[in-house]
Each structure stands twice: as structure tokens, then as C-alpha cells.
Visitor: 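I'd like to ask some things about the structure below.
When a ligand or atom number is given, it counts from 1 through the structure's own listing order. Fair warning: this is a prediction, and the values are worked out from it, not measured in the lab.
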Amino acid sequence: MPIRKSYAKVNIFLKIVGKRDNYHELASRFVRVYSLYDIIEFKKEKCTKFTLEGNFSCDIKRNTVYKAYELLKEYSSKVDEYFNNHKVIIEKNIPEFAGLGGGSSNAATFILMVNEECNLKMSKEDLCKIALKIGADVPFFIYEYNSANVSGIGEIVEKFEEEILDIELITPNIKCDTGEIFKKFRDEFYTEINQEKVFKLFKEKSKDFLSKSSISVANDLYKPAKIIYKDLKNYEKKQWFFSGTGSTFFKVK
Ligand SMILES: C[C@](O)(CO)[C@H](O)COP(=O)(O)OP(=O)(O)OC[C@H]1O[C@@H](n2ccc(N)nc2=O)[C@H](O)[C@@H]1O
Ligand SMILES: Nc1ncnc2c1ncn2[C@@H]1O[C@H](COP(=O)(O)OP(=O)(O)OP(=O)(O)O)[C@@H](O)[C@H]1O
């Protein structure tokens, strides 16, 4: 029975490089969190329509996995046929609105599983074209790297060679809205890192970078996030950093 782990991610650093329409171009180190994952299973069962079981806060049409299904079934009739005979069960462990890429990871893992089970023979590059339509973090999960330097709006994913990191997480019960935080950044904190500094950042090991950085230097979105969600400051601790648009703080052990 097809079953796979759908890992969480943290952003070791997240720097804004520029604007692209109402989006922002990033330079970010994404690292897979091996200790935190959802589990996605395709279970044999007759289904009259696409069936997705799991503890989600949104309806099926807004689910990233459903969006991935809708996009994949355009490629081959095998996909619809497969999900007439299988349902999708997701055991959710990654908290939502946490900066951990839960929804994005689910979509990517689902895409990889369908590519295999329906024998679509699509390349990672082809799968990323679909992934990007779902969200900026999805391509990272398609490549399945332990660490990667991600740029553009998430569409450029370069493998970064380093040891697997042991990451501790604290996710306060504060649901951080990504759009609001980017807007606050753009309105009140806008700054761009230059390409020369990005080049140096992308060569630095994650542990070395963090040993010399502060939470606000590592992640351009932390200051705006803290203005909107004032309780975040209660969780600030030495050697703890902020992932994505939060609310998760992480420490590399
Ligand atoms: C912050 C990160 O999680 C870093 O890993 C990602 O860049 C977030 O990307 P994402 O999950 O695709 O973000 P979404 O939740 O779909 O985006 C919500 C809103 O955030 C803003 N947004 C998002 C990503 C980005 N690179 N620039 C943006 O300005 C956009 O207004 C977007 O409409
Ligand atoms: N498969 C899914 N798992 C979790 N949330 C999902 C999923 N599909 C859609 N969502 C919705 O996406 C929104 C954000 O979920 P989540 O924060 O996990 O996604 P993410 O953008 O990948 O992660 P983050 O931005 O926090 O790093 C929530 O409204 C949630 O209901």
C-alpha cells in the first residue's frame, strides 16, 4: 500500500531579494525536519469522487492535496481512474499556520506518490511546474533534499551539502497569516539583500550561520511578524530562530 512521510521544513535564513508583482523574491535555506512529518497513504477503496480523510481546518476544495489532484488529472486519465479506486488518508502532525510548510509538503508528497503509482514518468522539473501553481514552498519538497538554497519565489531549488541537522521546535498557539506579514514587511520594513551577500550566505553551513546570527537578521519577516503578533516576543530565546512567517521557533542542536 503506498504510504509516505511528508516532512516539515524550517527556514534557517530568509532574506528578501526583491519584488515580483505582489510577491517577494527570497534567498532562503530550507532544511527538512526529520522529527516532524505527516503520513500520506493511498488506501484501496471504491470512491465515487476524490476522497481525502484527515484533520484539516479547511474544506477539501481549499486543500493543497486536492489542488494537486486537480492539476495532475489534466495530465493523464490514469489519475482519475486511480482515485476512483483509492482514497487518500493523511495523518496530520505538522501544525498549520506554523511556518513549517505542512500544506506545501503534503501537496509535494502527494504529487510524487501519484507520479509513481500512476506511472506518469514525469521529471522533477515537470513536477515542479505543477508544484509552483500550488505554492512557493512546494518545489522544495518535490526535490526531497535535506538542505537547499531556495530563491526566486521558491522555484529555484539548489541542493546544499551539509550534515543532517537535529532541530528542536516550539510552535506557540499563534496562527500567523503569511500574507499579512509580507504586507507589513513591504509597508514598514522593506529592505533588499544584495546578490554578493546572497552568494556568501548560500555557501555558509547552516550551523555556522546561526552561530553568528540574531533572530531578526536571520529572518527578514520576524520583525513585521512580531509587530502583528505581539506575543511572539515572549518566546524569544538565545539560539532560537524563526521559521518562515511563523509561529514556529526552532533551535539547531
Ligand atoms: C514564507 C514562506 O513560507 C517561506 O518558506 C513562503 O514564501 C510562503 O509561500 P506560500 O506558502 O506560497 O505563501 P502563501 O501562503 O500562498 O502566500 C500568501 C501571501 O503571502 C504573500 N507572499 C507569499 C510568498 C512570497 N514569496 N511573497 C509574498 O509576498 C503574497 O501576498 C501571498 O498572496
Ligand atoms: N494539506 C494541508 N495541510 C495543512 N493545511 C492545509 C492543507 N491544505 C490546505 N491547508 C490550509 O493552508 C493554510 C496554511 O496551512 P500550512 O500553514 O500548513 O501551509 P503552508 O503554507 O505550507 O505552511 P507555512 O506557510 O505555515 O509554512 C491553512 O488555512 C490550512 O487550512
Visitor: Can you run down the side chain to side chain donor-acceptor pair (under 3.5 Å) pairs that involve residues 127-138, sequence neighbours left out, and say none if there aren't any?
Guide: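 Residue pairs passing side chain to side chain donor-acceptor pair (under 3.5 Å), neighbours aside: none found.
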
Visitor: Decide whether D126 and S123 meet the rule of one side-chain donor and one side-chain acceptor closer than 3.5 Å.
Guide: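 Result is yes, a qualifying pair exists.
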
Visitor: Using heavy atoms and a cut-off under 4.0 Å, could you grab the residues that are in contact with ligand 2, chain by chain, numbers ascending?
Guide: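 Only K9, F56, S57, C58, R62, N63, T64, K92, E96, F97, A98, G99, L100, G101, G102, G103, S104, N106, T178 have heavy atoms that fall under 4.0 Å of ligand 2, ordered by chain and number.
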
Visitor: Counting only N and O atoms by type, is there a donor-acceptor contact under 3.5 Å from the side chain of N115 to the main-chain atoms of C118?
Guide: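 No, the answer is negative, given that no donor and acceptor are paired below the 3.5 Å cut-off.
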
Visitor: Just by distance, with hydrogens left out, do K121 and N119 show a side-chain donor and acceptor under 3.5 Å apart?
Guide: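 N119 and K121 do have a side-chain donor-acceptor pair below 3.5 Å.
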
Visitor: Which donor-acceptor pairs under 3.5 Å do the side chains of residues 5-15 make with protein atoms, sequence neighbours left out?
Guide:
{"unit_1": "S6", "atom_1": "OG", "unit_2": "S105", "atom_2": "O", "d": "3.2"}
{"unit_1": "S6", "atom_1": "OG", "unit_2": "S105", "atom_2": "OG", "d": "2.7"}
{"unit_1": "S6", "atom_1": "OG", "unit_2": "N106", "atom_2": "N", "d": "3.2"}
{"unit_1": "S6", "atom_1": "OG", "unit_2": "N106", "atom_2": "ND2", "d": "2.9"}
{"unit_1": "S6", "atom_1": "OG", "unit_2": "T109", "atom_2": "OG1", "d": "3.3"}
{"unit_1": "K9", "atom_1": "NZ", "unit_2": "N11", "atom_2": "OD1", "d": "2.6"}
{"unit_1": "K9", "atom_1": "NZ", "unit_2": "G99", "atom_2": "O", "d": "3.0"}
{"unit_1": "N11", "atom_1": "OD1", "unit_2": "S243", "atom_2": "OG", "d": "3.4"}
{"unit_1": "N11", "atom_1": "OD1", "unit_2": "G244", "atom_2": "N", "d": "3.0"}
{"unit_1": "N11", "atom_1": "ND2", "unit_2": "S28", "atom_2": "OG", "d": "3.0"}
{"unit_1": "K15", "atom_1": "NZ", "unit_2": "V217", "atom_2": "O", "d": "2.8"}
{"unit_1": "K15", "atom_1": "NZ", "unit_2": "D220", "atom_2": "OD1", "d": "2.8"}

Visitor: Please say whether the positively charged group of K73, taken as NZ for Lys or CZ for Arg, lies over the ring of Y82, i.e. under 6.0 angstrom from the six-membered ring centre and within 45 degrees of the axis.
Guide: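 No, K73 and Y82 do not form such a contact.
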
Visitor: Output the set of protein residues with a heavy-atom contact under 4.0 Å to ligand 1, ordered first by chain identifier and then by residue number.
Guide: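 Protein residues near ligand 1 are K9, N11, L14, N22, Y23, H24, L26, F30, G135, A136, D137, I153, T178, G179, F182, T245.
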
Visitor: When you compare the side chains of S206 and E162, does any donor N or O come within less than 3.5 Å of an acceptor on the partner?
Guide: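 A donor-acceptor contact under 3.5 Å links the two side chains.
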
Visitor: Do N194 and E192 get their side chains close enough for a donor-acceptor pair, meaning under 3.5 Å?
Guide: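 Side chains of N194 and E192: no pair found under 3.5 Å.
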
Visitor: Does F160 have R29 sitting over its ring (NZ/CZ under 6.0 Å from centre, angle to axis within 45°)?
Guide: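 That pair qualifies as a cation-pi contact.
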
